[in-house]
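Read through the structure below, which is laid out as structure tokens, and then see the notes.
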Amino acid sequence: MSIGPVGFAVVVSIWTALALPALVSGLVGRDYFGRVGGRPWGPQLAARWGWFLMELPALVTLPAIYLTGTRLTGGNGWAVNDLLVGVWAAHYAHRTLIWPWLVQRKVSRMPAVTCAAGFGFNIVNGLLFGWFLTRLADYPAGWFGDVRFVAGASAMALGAAVNVWADYHLARLRNATPGRAVLPVSGPYCLVSCPNLMGEMLEWAGFALMSWSLPGLSFAIWTWANLIPRALWRHGWYRQQFDNYPRSRRAVIPGLL
């Protein structure tokens, strides 16, 4: 298939626009995971396998396209592209091969439709960013020192650190008190109910900045559209479970949301 820069921008823009109804649906609809009352929606599968199957396309699609695609030449050759693919692969290697088995509880379930939707979502994003890196990306010499790259890489590193710490801290608390609801009270949990989601939102906003690309921005917007409703559901669950839940604590953005 042949598509130029303008056509590619149109495709990515249409895909990005679909994040708005997804956000609205999440904000006004029910919690499909069953966090706040009711049962999870539709057929269920083990959460560990669900997350593995859902994240696997992201781990495979972009690197496969990148390694087999036509290579451009630019001021930095492929050094920037290599780094972008590397940090993407590192994130999804953790999310696919490590996180489901260490963090997710064996008894947890997830809706099969969520797994299927995430599977398709990750394929689309891998295709879009793979197309960009192999056909359009041409970063200039000195990009590693550009303020956009430095700021984006810093934000991504900080977001990844917060995301991983929060996930594993919550997992340790759950393992220490099996069968009981736990209330985290340390670190970024003092500011928001879902620092793991806050970290992931910051992580991909940073990736969009360091890549300075339309697919990167699209993925960041989609990430926020998916995670903000989840954070609000989780925040509501905490407030239902704990009468003494701190009133100053927000869902996902300190002091705002």
Side-chain angles (χ1 to χ4, degrees), residues 16 18-38 40 47 51 54-55 58 91-92 94-95 99-100 103-104 108 110-111 114 117-118 121-122 125 151-152 154-174 181-210 216-257:
T16 307
L18 295 176
L20 179 58
L23 172 63
V24 172
S25 175
L27 292 175
V28 303
R30 59 167 291 182
D31 171 13
Y32 297 110
F33 285 88
R35 297 289 191 194
V36 188
W51 281 105
M54 184 168 64
E55 305 286 26
H91 172 89
Y92 280 107
H94 173 257
R95 295 291 288 184
W99 184 85
V103 175
Q104 279 293 323
S108 295
M110 72 180 300
T114 300
F121 172 79
N122 284 323
N125 286 300
S154 300
M156 185 169 193
L158 176 60
V162 171
N163 173 258
V164 171
W165 179 88
D167 272 337
Y168 285 88
H169 179 69
L170 184 58
R172 287 192 296 270
L173 292 178
R174 287 171 172 170
V182 296
L183 175 61
V185 293
S186 60
Y189 279 104
C190 296
L191 300 175
V192 295
S193 297
C194 303
N196 53 340
L197 304 186
M198 177 185 70
E200 191 162 358
M201 289 165 59
L202 178 61
E203 185 178 358
W204 292 113
F207 185 81
L209 187 57
M210 68 187 288
L217 176 61
S218 174
F219 187 65
I221 291 172
W222 264 106
T223 298
W224 284 54
N226 283 325
L227 297 189
I228 286 176
R230 283 179 55 192
L232 293 173
W233 294 337
R234 188 67 176 175
H235 184 65
W237 180 87
Y238 275 122
R239 296 181 68 177
Q240 285 185 355
Q241 293 293 317
F242 302 98
D243 293 334
N244 61 337
Y245 198 71
R247 291 184 175 274
S248 62
R249 194 178 297 187
R250 296 293 184 259
V252 71
I253 301 177
L256 294 176
L257 179 66

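For reference, positions follow the sequence shown, starting with 1.
- Taking 4.5 Å as the limit, some side-chain heavy atom of Y189 sits within range of a side-chain heavy atom of L170.
- Judged by a 6.0 Å distance limit and a 45° cone about the ring axis, R234 is positioned over the six-membered ring of Y238.
- Cation-pi geometry between R249 and Y245 is satisfied (NZ or CZ under 6.0 Å from the ring centre, within 45° of the ring normal).
- I228 contributes atom CD1, which lies 10.0 Å from atom CG of L197 (distance to the nearest 0.5 angstrom).
- We find the CG-CG distance between L23 and L227 to be 11.0 Å, quoted to the nearest 0.5 Å.
- Across all non-hydrogen atoms, the minimal contact from A231 to A251 is O-CB, 3.9 Å.
- Annotation: side chain of N226 is in contact with side chain of F121 (closest heavy-atom distance under 4.5 Å).
- Using a 4.5 Å cut-off on side-chain heavy atoms (C-beta onward), L257 and L232 make contact.
- Taking both residues in full, the closest heavy atoms of R95 and W51 are given as NH2-CZ3, 3.9 Å, listed atom of the first, atom of the second, then distance.
- Scanning both residues, W224 and I253, for their nearest heavy atoms gives CZ3-CD1, 4.0 Å.
- Closest of all the heavy-atom pairs between H94 and V164 is CE1-CG2, 4.1 Å.
- Aromatic rings of F242 and H235 (six-membered ring for Trp) have centroids beyond the 6.0 Å cut-off, not under it.
- Between the OG atom in S193 and the CH2 atom in W237 there is a gap of 10.5 Å [rounded to 0.5 Å].
- Inter-residue side-chain proximity for L256 and R250 is flagged as unmet; no heavy-atom pair is nearer than 4.5 Å.
- Closest non-hydrogen pair, A155 versus G206, comes out as CB-CA, 3.9 Å.
- With respect to V162, the side-chain contact (heavy atoms from CB on, under 4.5 Å) criterion is satisfied by exactly one of M198, M201, E203: M198.
- Taking the ring centroids of F219 and W222, they lie at or beyond the 6.0 Å cut-off.
- Two residues are said to be in side-chain contact when any heavy atoms from C-beta on lie closer than 4.5 Å; L217 and T16 fail this criterion.
- In terms of heavy-atom proximity, A225 sits nearest to A19 at CB-O, 3.6 Å.
- With contacts defined as side-chain heavy-atom distances shorter than 4.5 Å, the pair P184/L173 qualifies.
- In summary, the side chains of N196 and D167 do present a donor paired with an acceptor at a separation below 3.5 Å, with no hydrogens or angles considered.
- Annotation: the span from N125 atom CG to S218 atom OG amounts to 6.0 Å, rounded to 0.5 Å.
- For the ring pair (Phe, Tyr, Trp, His ring centres under 6.0 Å) test with H91, the passing option among W204, F207, W99 is W204; the others fail.
- Between H169 and S186, the closest side-chain pair of non-hydrogen atoms falls below 4.5 Å.
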